[in-house]
Each structure stands twice: as C-alpha cells, then as structure tokens.
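Okay, structure first, notes after.
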Protein chains: 2
Amino acid sequence: MPTADRAAPTIVDVARAAGVSKSLVSLAIRGDAGVSEATRTRILAVADDLGYRSNVLARGLARGRTQVIGVLVSDLSNPYHADVVAGIESRADAAGLGTVIGHGQSDARILAARLDQMLDLGVDGVIVVSAMLDAAALDAAAARRPVVMVGRPFEQPRHVSVVRNHDERGASLALDHLHGLGHRRIVHLASSRRAAASARRHAYGEAMTRADLPSTTLWVDEGGVAALLAAAGTPAGPTACFAGNDRTAATLLHDALDAELAVPTELSIVGYDDAQIARQVRPGLTTVAQPREAIGREAARLLLARIDGDSDTVEVTLEPSLAVRGTTAAPC
Amino acid sequence: MPTADRAAPTIVDVARAAGVSKSLVSLAIRGDAGVSEATRTRILAVADDLGYRSNVLARGLARGRTQVIGVLVSDLSNPYHADVVAGIESRADAAGLGTVIGHGQSDARILAARLDQMLDLGVDGVIVVSAMLDAAALDAAAARRPVVMVGRPFEQPRHVSVVRNHDERGASLALDHLHGLGHRRIVHLASSRRAAASARRHAYGEAMTRADLPSTTLWVDEGGVAALLAAAGTPAGPTACFAGNDRTAATLLHDALDAELAVPTELSIVGYDDAQIARQVRPGLTTVAQPREAIGREAARLLLARIDGDSDTVEVTLEPSLAVRGTTAAPC
DNA sequence: AGAGAGTTCTGGAGCGTTCCAGTAGCGTTG
DNA sequence: CAACGCTACTGGAACGCTCCAGAACTCTCT
C-alpha cells in the first residue's frame with residue numbers, strides 16, 4: 001500500500017528516515033554482504049514503510065544495466081510465440097530480470113524500428129522471435145547489446161546466437177510416420193519461400209530420396225491446394241501430404257472435406273508446429289511439435305550468459321516430436 | 001550504420017564535434033525553436049554521423065518522461081489482444097511514443113507484478129488489456145501513472161479510464177438475429193463468472209424478457225454443453241444458443257457435430273468476439289464482432305490525453321456489429 | 001599499547017540528459 | 001549613444017542511483 005502523497009520516495013528519503021547514508025540504503029537494498037543484519041532489516045522496514053521502489057531509470061543510468069531484457073516478436077497472434085515467450089519469461093523471472101515485449105506486426109521495417117526502440121530503452125539484451133529480420137539489422141543490434149534469435153535466420157548473422165528446432169529431424173519424423181503407415185506417394189505442400197519453410201522443404205526432399213520415393217512440392221500461393229485435391233482422388237495420385245505448417249495443413253483439411261475427400265482414409269495429412277489450430281480442427285491434426293517453451297528457456301539462458309559477459313555466439317538445435325492425431329492412417 | 005566502436009556517443013561527444021555546448025545539442029535535437037537553422041542542420045548532421053542515439057534512461061531521469069507507454073495483456077495467444085495492441089500502437093506511433101508490452105500469462109498475480117515492473121521501468125502510462133486485475137491493483141498503479149483499461153472491470157476502479165465494447169448492444173444484436181430467424185427457445189451458454197461474461201449474460205436475460213421469452217443460462221464448467229446437447233434434440237428443447245464467447249461456441253459446435261446434431265438446422269449457434277476461430281470452424285461461426293482496433297486506438301487516445309495532464313477519467317463504449325456466418329438459420 | 005585487519009558505514013563523483021538563469025552580440029529606438 | 005529587446009547560445013544544477021576511496025569503529029595479536 002504505497003503512501004505516494006506527491007512524489008515517489010527516493011533512496012535519500014529512506015536514508016533520512018532510517019538515519020543512515022544513501023549509500024548504505026543502496027547496499028542494503030541490493031543485499032550487499034557488508035551490511036550488518038540489524039541495520040539491513042531496519043532499512044528494509046523503513047523502505048517498505050515509505051513505499052519505496054527503486055528507480056530503474058536511475059539505476060540503469062548509473063550501472064549501465066537495467067535488469068530488463070527485451071523480446072521482439074513478429075506477430076503477437078501467432079500462438080507459437082506465446083509459448084516461446086512463456087519459456088523466456090520463466091527463465092528471466094528465475095534470474096530476477098524483467099521482460100518487455102516488442103511487436104513488429106509482421107513487417108520487417110516496423111520490427112527493426114521496435115528493436116532500436118527497445119535498445120534505446122536500455123534493455124540488457126534482446127531475444128528476437130522472428131525470422132523476418134535480416135542479418136544486417138541483427139548485427140547492428142548486436143553491436144549495442146547481446147542478441148539471441150529464435151528460429152532459422154535467413155542469412156546467418158555474425159554476432160547473434162541462434163536457437164532453433166531441428167526442422168530436418170521434424171520432417172523425418174513426419175515422413176517416417178507416413179511411410180510406416182504404408183504411404184508411398186507423399187507430396188509436400190509449401191507455404192512460402194521463407195527460411196523455416198525451405199528447411200522443411202529440403203528435409204522433405206532428402207527424406208523422400210532416402211526412402212527411394214519421388215518427391216513433389218506444391219505451393220499454396222500457386223494453387224497447390226486445388227491441384228493436390230484434384231490429384232488425390234485419382235489412382236496414381238498422392239495418398240498423403242506433409243504440409244509446411246499447421247495453418248497450411250488446416251486449410252488443406254478444410255478444403256479436402258469440402259471436396260468430399262475423406263481424411264485420413266483417402267488423404268492423410270501431417271502438419272508442422274502443433275499450433276492451437278491443430279487441436280481445434282476435426283479430425284485433430286497429426287503434426288510435428290516443437291518444444292516451444294524449452295526453446296524459449298534456452299534462448300533466455302544463452303542471453304543471460306552473454307549479458308554476464310560469458311561468451312561467444314553459439315547455435316543450439318532442439319529436438320521436435322510427433323503428435324499423432326486423427327489426420328493420418330494407412331492408405332486404403 | 002552506427003560506428004559504435006566502444007561506448008555509445010553521448011550528447012557531449014556531439015557537442016564537442018560540432019563545436020557547441022551540450023545544451024544546444026539537446027535543443028537542436030528536440031527541435032526547439034530558438035536554434036538557428038544553420039547550426040541545427042550542422043548539429044543534426046554531426047549527430048547522425050556519430051551514430052548518436054539519445055539515451056532514454058537519462059532523458060527519463062531528467063524529464064520524468066520516457067516517451068514510452070506500456071501495454072499489459074493477460075494473454076498473448078488471445079488473438080483479440082493482437083488487434084487491440086495494433087490499434088494502440090498505431091496511435092502511439094503517430095504521437096511519437098514507443099510501446100512496450102507486458103504479459104501476465106492469465107494470472108492476476110503475475111499481471112500485477114508485470115504492471116509494477118513496467119511502471120518501475122518508467123513508462124509514461126499503461127493500458128491494461130485484461131479484465132483480470134482487481135480495482136485495488138489498478139488504483140495503485142493509477143496513483144503512479146495514468147492508466148486506461150480495455151474491457152469491462154469487475155469492480156469500477158476510481159482513477160482509471162475504461163474503454164469497452166457495448167456488451168448489452170452486442171447481445172441484443174445476436175438475439176434479434178435469432179429471434180428474427182424464428183427462434184423462440186434460445187439458451188445462453190456462459191463460460192465464467194468474470195465481468196465481460198456476466199455483462200453478456202445479463203444482456204441476454206434482458207433481451208429475452210423484452211421479447212417476452214423465457215431465459216435459461218447454462219454453465220460450461222457445470223456440464224452445460226452436455227445438458228444443452230441432450231435437450232436440443234427434444235421437441236420442447238432449445239433451437240438456438242447464444243454463447244458467451246467464440247471459444248465456448250466452438251466447443252459447443254464441435255460437440256454438437258460429434259453428437260450428430262445438425263448445425264444450424266437443428267441447433268443455431270451465435271458466439272461473441274469474432275475471434276480467429278470463428279472463421280476457422282466449419283461451418284463458420286455467426287458471432288458478435290467487437291471493433292478491436294478502434295478500441296485500441298481509443299484507449300491510446302485517452303491515455304495520451306491523460307499523460308498530457310489533460311483530464312479526468314472517463315468511460316468510453318464502442319459499438320459491436322454482427323458477423324453472420326454459417327451457424328445460424330431458421331429452426332426446422 | 002600500538003599496529004594491523006576486519007567490518008560497517010559515509011561522502012562525493014559520475015552516469016547522460018533536461019532545465020533554468022544567464023550572457024553575448026546585435027539591431028532598434030528615444 | 002545609452003538603454004532596451006531580440007535571438008542565439010552557454011554553464012551548471014538537478015534527476016536518483018551506483019561506485020569508489022576512505023573514515024570510524026571494533027577486534028585481535030604481539
């Protein structure tokens with residue numbers, strides 16, 4: 001219950017009220033060892049009493065550290081991000097650091113502006129949860145503060161640590177599953193030519209080659225869904241589809257059902273991401289799940305280490321897993 | 001392209017390089033009138049050249065203003081929030097203010113902690129996009145900085161402006177629509193006893209009374225969905241349901257289809273929010289749409305006014321509209 | 001008892017800004 | 001030409017904190 005009459009109480013007010021110097025208040029509050037137990041409790045009591053809150057701006061200015069990290073997200077409404085952020089926050093909280101989130105509305109320019117803004121605000125480091133920023137922007141930010149990025153960078157920035165999921169392994173999980181069910185004609189439905197998508201596309205190609213099967217990639221923005229549905233009914237048509245992400249997979253599922261194509265019996269579908277939508281569609285979408293919270297925690301861990309001066313940039317890859325639901329079955 | 005050799009250049013570096021006093025640099029950069037055009041351009045050129053960025057911490061400390069506002073959301077993955085935040089940001093950007101987002105993981109305690117944290121960071125004001133915080137927490141924050149909340153507060157805080165959608169009107173829209181289609185036995189499916197939900201529930205009751213129809217409210221957490229589905233098949237059972245929000249409506253739709261109950265012919269469903277999910281389910285959900293971006297812009301407008309010292313707290317209500325999709329039809 | 005070693009505490013400089021009270025220079029005016 | 005009023009600029013205090021060198025005090029040891 002802060003008293004907060006007029007202006008917020010400062011460290012000097014606390015010092016005066018406790019009859020000590022402001023330096024000692026500073027030490028006591030930060031838990032420095034060289035303060036006697038008696039005075040410390042007294043000072044803390046007085047501070048609490050006055051409703052004192054240490055001024056982050058002043059501390060940041062004096063120390064060059066604000067104890068706050070920034071998280072830059074390209075798109076708030078992407079539920080993938082929410083889990084990653086939760087992971088970051090849990091780690092940051094544990095280390096006693098605050099977290100602020102910046103939001104770039106899926107626009108690289110806005111994203112870059114927000115990144116600068118957060119750095120201006122004095123955050124101690126930034127985690128970029130977006131693959132939309134180019135290496136130059138990332139490196140410019142990294143020249144100011146430690147930066148860690150989550151996801152697969154389009155081009156590798158030089159001074160930025162990266163945490164990503166193992167898209168190759170994820171694609172293998174999906175294709176092994178389909179192959180194991182008996183599927184042989186499996187097409188890939190790609191959403192865009194962005195980095196994460198292309199990693200999955202390549203992994204698809206390699207896994208198919210490994211299994212000695214022909215690979216076919218269709219693009220959503222080039223009428224791939226319609227082409228796939230048209231082919232799926234025919235004798236030599238595909239019996240399964242590995243989609244680049246869950247949104248694409250959900251669209252396909254939707255349109256397939258509209259076209260009276262039975263899923264999974266006539267067409268099996270596997271998505272990627274294990275987004276919320278994968279559980280909301282009917283039947284539930286079989287999909288590759290990324291360890292989102294773990295990715296967030298790992299990113300935070302790397303950032304904290306770099307803030308503590310520790311280290312050089314690294315790249316960490318985490319293992320995905322497969323969530324089997326209702327859109328996959330043996331071909332009929 | 002910042003040079004950024006060692007430490008970031010300060011206003012003093014710029015002053016020295018331009019051969020003027022630091023005060024003049026400060027004035028020039030902030031666009032003060034009393035600086036000759038010649039010196040201003042020279043100073044700005046030098047600043048740009050050195051890659052000077054004004055230190056928000058120092059400015060905040062000296063001025064008591066950081067030019068950054070905070071947005072507190074209860075849940076990142078709620079797509080409703082993303083639109084509101086976009087509206088807030090567009091307004092804040094226009095006013096030259098930065099925006100940081102804090103995230104409370106749908107937990108009132110975390111939410112309150114993040115709120116304090118943002119205030120500690122020195123934001124000039126906060127917009128709370130969540131109905132989970134109690135009046136005491138909001139008022140405590142409002143004692144420090146201007147606070148505007150979006151949504152319907154559980155209890156009315158005293159020093160906080162509120163922007164909300166007109167739940168009563170929204171419920172009327174939904175019920176008029178159903179009534180117009182010929183429905184007479186319309187039940188309400190309520191998700192929780194939170195503020196927004198109870199406003200909708202009351203509005204439902206009143207609209208039904210106005211139309212001289214009996215009202216029945218079922219609760220999701222008390223087996224309401226099952227009860228509703230059981231009754232819906234029977235002769236005197238309900239022919240339509242007005243759900244408290246889209247998530248609830250989607251669950252109902254899902255379970256209805258599972259139970260082989262035809263939607264909309266045997267049961268019409270109207271949701272509330274026009275969330276993403278309303279467009280993703282099949283058939284598309286008829287639902288009440290809130291003007292989300294407008295709500296965000298309005299909230300930012302109110303906050304900026306209060307930051308400029310302008311005003312007393314107000315309450316603004318914006319009009320919802322009805323998005324008619326595939327889950328409503330005349331009863332058969 | 002004096003030196004040395006802790007322990008606990010203090011005063012002041014400094015972080016990068018803004019703000020305020022001036023000052024310098026110059027043209028106008030009575 | 002002294003007084004005045006502008007415009008363009010300056011120096012230093014202040015914002016609230018941290019950090020550092022050192023002061024004051026208490027113990028121990030010789």
Side-chain angles (χ1 to χ4, degrees), chain A residues 4 6-44 46-47 50-68 98 119-124 144-145, chain B residues 2 4 6-44 46-47 50-68 98 119-122 124 144-145:
Chain A
R6 205 71 222 103
T10 77
I11 205 173
V12 188
D13 299 323
V14 177
R16 192 166 20 221
V20 296
S21 73
K22 63 179 168 41
S23 307
L24 194 56
V25 174
S26 173
L27 293 173
I29 282 172
R30 283 179 295 150
D32 189 282
V35 181
S36 76
E37 205 43 47
T39 23
R40 149 164 303 129
T41 51
R42 186 161 48 91
I43 289 174
L44 292 183
V46 170
L50 260 50
Y52 169 77
R53 311 214 95 223
S54 122
N55 181 320
V56 175
L57 264 42
R59 170 158 24 105
L61 187 57
R63 282 212 350 170
R65 287 270 200 103
T66 50
Q67 308 270 76
V68 175
L119 290 168
D120 286 349
L121 228 198
V123 295
D124 292 341
R144 304 225 265 154
R145 294 285 150 141
Chain B
R6 206 71 222 104
T10 76
I11 205 172
V12 189
D13 300 323
V14 177
R16 191 165 22 221
V20 295
S21 74
K22 62 180 170 37
S23 306
L24 194 56
V25 175
S26 174
L27 293 174
I29 283 172
R30 283 179 295 150
D32 189 283
V35 181
S36 76
E37 205 42 48
T39 20
R40 149 164 303 130
T41 50
R42 185 161 49 91
I43 290 174
L44 291 184
V46 170
L50 259 50
Y52 169 76
R53 311 215 95 222
S54 122
N55 182 321
V56 176
L57 264 43
R59 173 162 16 110
L61 187 56
R63 279 204 17 176
R65 288 268 202 103
T66 49
Q67 309 269 71
V68 175
L119 290 169
D120 286 348
L121 229 199
D124 292 341
R144 301 225 267 155
R145 294 286 150 140

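Order of the sequence lines fixes the chain letters, A, B, ..., with proteins taken first and strands second; residue numbering starts at 1 for each chain. Hydrogens, waters and symmetry mates are skipped; everything else that's a heavy atom, side chains included, is used.
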task: Specify the separation, in whole Å, of atom CD1 of A:Ile11 and atom C1' of D:dT18.
output: 8 Å
field: Short side-chain N/O contact from A:Arg30 to OP1 or OP2 of D:dC19, under 4.0 Å
entry: yes
- prompt: Quick one: is A:Ser26 getting a side-chain N or O under 4.0 Å of the D:dT18 phosphate, OP1 or OP2?
  reply: yes
message: Just the rounded figure in Å: distance from P of D:dG16 to CG of A:Asn55.
response: 7 Å
- prompt: Between atom CZ in A:Arg40 and atom C1' in C:dC9, what is the gap in whole Å?
  reply: 13 Å
message: Can you measure A:Lys22 atom NZ to C:dG12 atom C1' for me and round it to whole angstrom units?
response: 7 Å
query: With the threshold set at 4.0 Å, does a side-chain nitrogen-carboxylate oxygen contact exist between A:Asp120 and B:Arg59?
result: no
- prompt: Contact class for B:Val56 (heavy atom, under 4.0 Å): base, sugar-phosphate, or nothing?
  reply: nothing
- line: note: A:Asp32, atom CG; C:dT10, atom C1'; distance rounded to Å ~ 14 Å
- request: Nearest whole angstrom, please: distance from the P of D:dA14 to the CG of B:Leu57.
  value: 22 Å
- request: Measure from the side chain of A:Leu61, starting at C-beta and using heavy atoms only, and say which of D:dT18, D:dC9, C:dG16 lies closest.
  value: C:dG16
- prompt: Among C:dT17, D:dT10, C:dG14, which nucleotide sits nearest the side chain of B:Tyr52?
  reply: C:dT17
task: Using the side chain to side chain contact (heavy atoms under 4.5 Å, CB included) rule, pick out the option among A:Ile43, A:Ile29, A:Leu44, A:Val46 that qualifies with A:Tyr52.
output: A:Ile29
- prompt: Is the backbone N or O of B:Gly60 less than 3.5 Å from a side-chain atom of B:Thr66, with the two atoms forming a donor-acceptor pair by type?
  reply: no
- prompt: For A:Thr39 and C:dC9, is the shortest distance between a side-chain N/O and OP1 or OP2 below 4.0 Å?
  reply: yes
- prompt: What is the distance, rounded to the nearest whole Å, between atom CZ of B:Arg42 and atom C1' of D:dA8?
  reply: 12 Å
query: Are any of the side-chain heavy atoms of A:Lys22 and A:Arg16 separated by less than 4.5 Å?
result: no
Whole-Å gap separating C1' (C:dT8) and CD1 (A:Ile43): 11 Å
- request: Find out whether A:Ile11 and A:Ser54 are in side-chain contact, i.e. whether some heavy atom of one side chain is under 4.5 Å from a heavy atom of the other.
  value: no
query: Are OP1 or OP2 of C:dT10 and a side-chain N or O of A:Ser21 less than 4.0 angstrom apart?
result: yes
- request: Return the nearest nucleotide to the side chain of A:Ser54; candidates are D:dC17, C:dG16, D:dC19.
  value: D:dC17
task: Using heavy atoms to find the nearest nucleotide of DNA chain D for B:Ala62 and B:Gly34 separately, return the residue whose nucleotide is more 5′.
output: B:Gly34
- prompt: Is a side-chain N or O of B:Arg65 found less than 3.5 angstrom from the main chain of B:Asp124, in a donor-acceptor match?
  reply: no
message: Looking at A:Ser36, I'd like to know whether one of its side-chain N or O atoms comes within less than 4.0 Å of OP1 or OP2 on C:dC9.
response: yes
message: Mind checking if A:Arg65 touches a base, just sugar-phosphate, or nothing, with heavy atoms under 4.0 Å?
response: nothing
- prompt: What nucleic acid atoms does B:Ser23 come within less than 4.0 Å of, heavy atoms only: base, sugar-phosphate, or nothing?
  reply: base
- prompt: Which nucleotide, D:dC17, D:dG16, C:dT17, lies nearest any side-chain atom of B:Arg59?
  reply: C:dT17
message: Both A:Val12 and B:Gly19 contact DNA chain D. Which one's nearest nucleotide lies toward the 5' end?
response: B:Gly19
